[in-house]
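Heads up: the structure comes next, in structure tokens.
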Protein chains: 2
Amino acid sequence: MQKKARDPDNFEIKLDAQLCFAIYGAAHAFTRTYKPLLEPLGLTYPQYLVMITLWEEDDQPVKAIGDRLGLDSGTLSPLLKRLEQSGLVARKRDRDDERQVRISLTAKGDELRHQATGVAEAIGKAVGCGLEGAVALRDELIALKQRLTKAGE
Amino acid sequence: MQKKARDPDNFEIKLDAQLCFAIYGAAHAFTRTYKPLLEPLGLTYPQYLVMITLWEEDDQPVKAIGDRLGLDSGTLSPLLKRLEQSGLVARKRDRDDERQVRISLTAKGDELRHQATGVAEAIGKAVGCGLEGAVALRDELIALKQRLTKAGE
DNA sequence: CGCAATTCAATTGCGCACAATCTAATTACG
DNA sequence: CGTAATTAGATTGTGCGCAATTGAATTGCG
């Protein structure tokens with residue numbers, strides 16, 4: 001017990017735990033920051049992410065959205081039904097490949113894009129660091145994610 | 001439409017979206033990396049986080065664990081019952097303040113600490129960056145979280 | 001002391017996440 | 001051609017995450 005930070009095992013475990021907590025906490029802080037901003041739009045955070053992908057490119061199959069966000073049909077199917085219920089998207093089977101369900105924006109869903117600009121601005125302020133800081137953080141997180149997913153083959 | 005990255009609004013929105021995706025993806029990549037490592041221990045990722053806090057300090061009330069992890073009783077109550085079911089923790093009312101339920105490690109729960117050292121090592125490898133990189137990332141994430149939570153008062 | 005306000009956990013309800021399973025449609029291959 | 005393998009999406013079941021409510025215990029204040 002006389003060795004403290006000297007013990008590499010113990011140090012790694014502590015650091016691992018701290019990194020756990022940090023990622024976990026930051027992700028939740030993010031969703032909590034978004035929640036009140038998205039409430040007026042009637043969107044949850046995952047729903048907002050789906051809408052962003054559709055604003056970037058309309059009329060995508062469920063699979064494409066899932067690949068973009070790393071979500072499977074078990075998550076997206078009910079989520080998209082709720083967006084359909086809200087009148088923001090339409091779901092129709094692809095004529096050429098009837099296995100696919102293509103998700104497209106309704107007029108209302110497309111309109112929402114404009115109201116969402118305020119959300120991004122508010123987040124920009126909340127993140128606090130300048131643009132360079134945000135860019136750097138984004139790139140680090142992307143790199144971290146790639147290392148993690150690569151490590152799992 | 002002729003202005004592209006020049007448009008500050010549009011740039012902020014895109015960056016905001018990218019930071020969203022990055023945090024979201026990194027957090028999920030983390031849990032996915034942990035999942036196969038924790039499966040032999042019979043723990044989920046949030047359960048692992050709870051166990052870490054108990055390994056750091058045993059016999060804590062639910063509230064203290066919740067403060068440490070940013071979780072409320074709605075999440076912790078059923079989670080702790082499952083840990084109790086697994087025989088890893090015990091739940092007993094505090095004699096001095098019967099509102100509190102103190103969570104303590106069982107012998108089995110304490111033992112698990114040793115098996116968990118392998119998990120931390122594997123994660124250290126998967127994170128890929130050296131110790132300095134991990135430390136830097138941890139500090140950035142902690143700072144980000146603090147800015148986000150502070151922004152929401 | 002006695003009552004109101006506060007605190008701690010538990011519960012309920014909704015919405016993700018994800019594994020496993022299922023159905024239907026498409027593609028590949030002998 | 002026809003069957004096997006693959007692919008897309010839906011469904012089911014388990015486990016978070018959180019808001020809102022409830023109930024019991026404690027604290028604060030007149």
Side-chain angles (χ1 to χ4, degrees), chain A residues 20 23-36 38-39 42-51 60-86 89 91-103 149 152, chain B residues 20 23-36 38-39 42-51 60-86 89 91-103 149 152:
Chain A
C20 271
I23 280 264
Y24 191 77
H28 285 140
F30 234 83
T31 71
R32 280 176 206 140
T33 306
Y34 270 104
K35 182 179 259 273
L38 293 176
E39 202 150 332
L43 292 176
T44 65
Y45 182 63
Q47 288 169 8
Y48 176 60
L49 294 180
V50 168
M51 293 303 289
Q60 295 188 64
V62 174
K63 183 67 164 52
I65 298 174
D67 287 345
R68 177 83 170 91
L69 299 181
L71 298 174
D72 66 359
S73 66
T75 300
L76 285 177
S77 286
L79 187 156
L80 291 170
K81 277 187 184 172
R82 281 186 282 272
L83 286 180
E84 186 185 34
Q85 211 77 22
S86 307
V89 307
R91 307 177 330 119
K92 4 185 208 312
R93 291 260 160 207
D94 189 312
R95 298 234 185 297
D96 296 339
D97 185 344
E98 297 234 340
R99 290 172 306 181
Q100 296 184 26
V101 171
R102 302 194 72 88
I103 309 297
T149 46
Chain B
C20 270
I23 280 266
Y24 191 77
H28 284 46
F30 235 83
T31 71
R32 279 176 206 140
T33 305
Y34 270 103
K35 183 180 259 273
L38 293 177
E39 201 151 332
L43 292 175
T44 65
Y45 182 64
Q47 288 169 8
Y48 176 60
L49 294 180
V50 169
M51 291 304 289
Q60 295 188 64
V62 174
K63 182 69 164 50
I65 298 174
D67 287 345
R68 178 82 170 91
L69 300 180
L71 298 173
D72 67 358
S73 65
T75 300
L76 285 176
S77 286
L79 186 157
L80 291 170
K81 277 188 184 173
R82 282 185 283 271
L83 286 180
E84 185 184 35
Q85 211 78 22
S86 306
V89 307
R91 308 178 327 117
K92 9 185 202 318
R93 292 259 161 209
D94 188 313
R95 298 231 186 297
D96 296 338
D97 184 344
E98 296 236 341
R99 291 173 305 182
Q100 296 182 25
V101 171
R102 301 194 72 87
I103 309 298
T149 45

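Values below: all heavy atoms of this structure, side chains included; hydrogens, waters and symmetry mates excluded. Owing to the predicted nature of the structure, the values given are computational and were not obtained by experimental measurement.
Partners of A:Y34 under the ring pair (Phe, Tyr, Trp, His ring centres under 6.0 Å) rule, at least two apart in sequence or in another chain, are A:F30, A:Y45, A:Y48. Under the side chain to side chain contact (heavy atoms under 4.5 Å, CB included) criterion, B:K35 pairs with B:E39, sequence neighbours left out. The salt bridge (Lys or Arg N to Asp or Glu O under 4.0 Å) search around A:E84 returns A:R91, not counting sequence neighbours. Remark: A:D94 engages A:D96, A:Q100, A:R102 in a side chain to side chain contact (heavy atoms under 4.5 Å, CB included) (not counting sequence neighbours). Under the salt bridge (Lys or Arg N to Asp or Glu O under 4.0 Å) criterion, A:R99 pairs with A:D97, not counting sequence neighbours. Scored by the side-chain hydrogen bond (donor to acceptor under 3.5 Å, both in side chains) test, B:K81 finds no partners at all (sequence neighbours excluded).
The nearest whole Å value for the distance from the CG atom in A:L43 to the P atom in C:dG15 is 13 Å. Regarding A:Q85, its CD atom lies at a distance of 13 Å from the P atom of C:dC16, rounded to whole Å. Between the CZ atom of A:R82 and the P atom of C:dG15 there is a distance of 5 Å, rounded to whole Å. One interatomic measurement links the two molecules: NZ of A:K81 to P of C:dG15, which rounds to 14 Å at whole-angstrom precision. In this structure, the CZ atom of B:R93 is 8 Å from the C1' atom of C:dC8, given to the nearest Å. Distance, A:L49 CG to C:dG15 P: 17 Å, rounded to whole Å. Distance CG (A:L80) to C1' (C:dC16): 13 Å, rounded to an integer number of Å. A:L69 has its CG atom 11 Å from the P atom of C:dC18, to the nearest Å.
Nearest-nucleotide positions on DNA chain C for B:T31 and B:V62 put B:V62 closer to the 5' end. Each of A:Q47 and B:Q100 lies near DNA chain C, and the nucleotide nearest B:Q100 is the one positioned closer to the 5' end.
Contact check for B:T31 versus B:T44: no side-chain heavy atoms found under the 4.5 Å cut-off.
Atom CG of residue A:L38 and atom CD of residue A:Q47 lie 9.0 Å apart, to the nearest 0.5 angstrom.
Looking at heavy-atom distances under 4.0 Å, B:P78 makes no contact with the nucleic acid at all. Note on B:L76: nothing from the nucleic acid sits closer than 4.0 angstrom, heavy atoms only. If you check every strand for non-hydrogen atoms under 4.0 Å, A:G70 touches sugar and phosphate atoms only. Residue-level contact check: A:R91 touches the backbone only, with heavy atoms under 4.0 Å from sugar-phosphate atoms and none from bases.
Annotation: the terminal axes of the helix from C:dC1-D:dG30 to C:dG30-D:dC1 meet at 10°, where each axis is the rotation carrying the C1' atoms of four end pairs onto the next four (5 pairs per end, rounded to 10°).
A 4.0 Å heavy-atom criterion places the boundary nucleotides of DNA chain D facing chain B at D:dG15 to D:dT26, written 5' to 3'.
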Can you give the donor-acceptor pairs under 3.5 Å from side chains of residues 68-76 of chain A to other protein atoms, not counting sequence neighbours?
residue : atom : partner : partner atom : Å
A:R68   : NH2  : A:E56   : OE1          : 3.4
A:D72   : OD1  : A:G74   : N            : 3.3
A:D72   : OD1  : A:T75   : N            : 3.2
A:D72   : OD1  : A:T75   : OG1          : 3.4

Could you list, one pair per line, each protein nitrogen or oxygen that sits under 3.5 Å from a nitrogen or oxygen of nucleotides 19-25 of chain C, together with the distance?
none

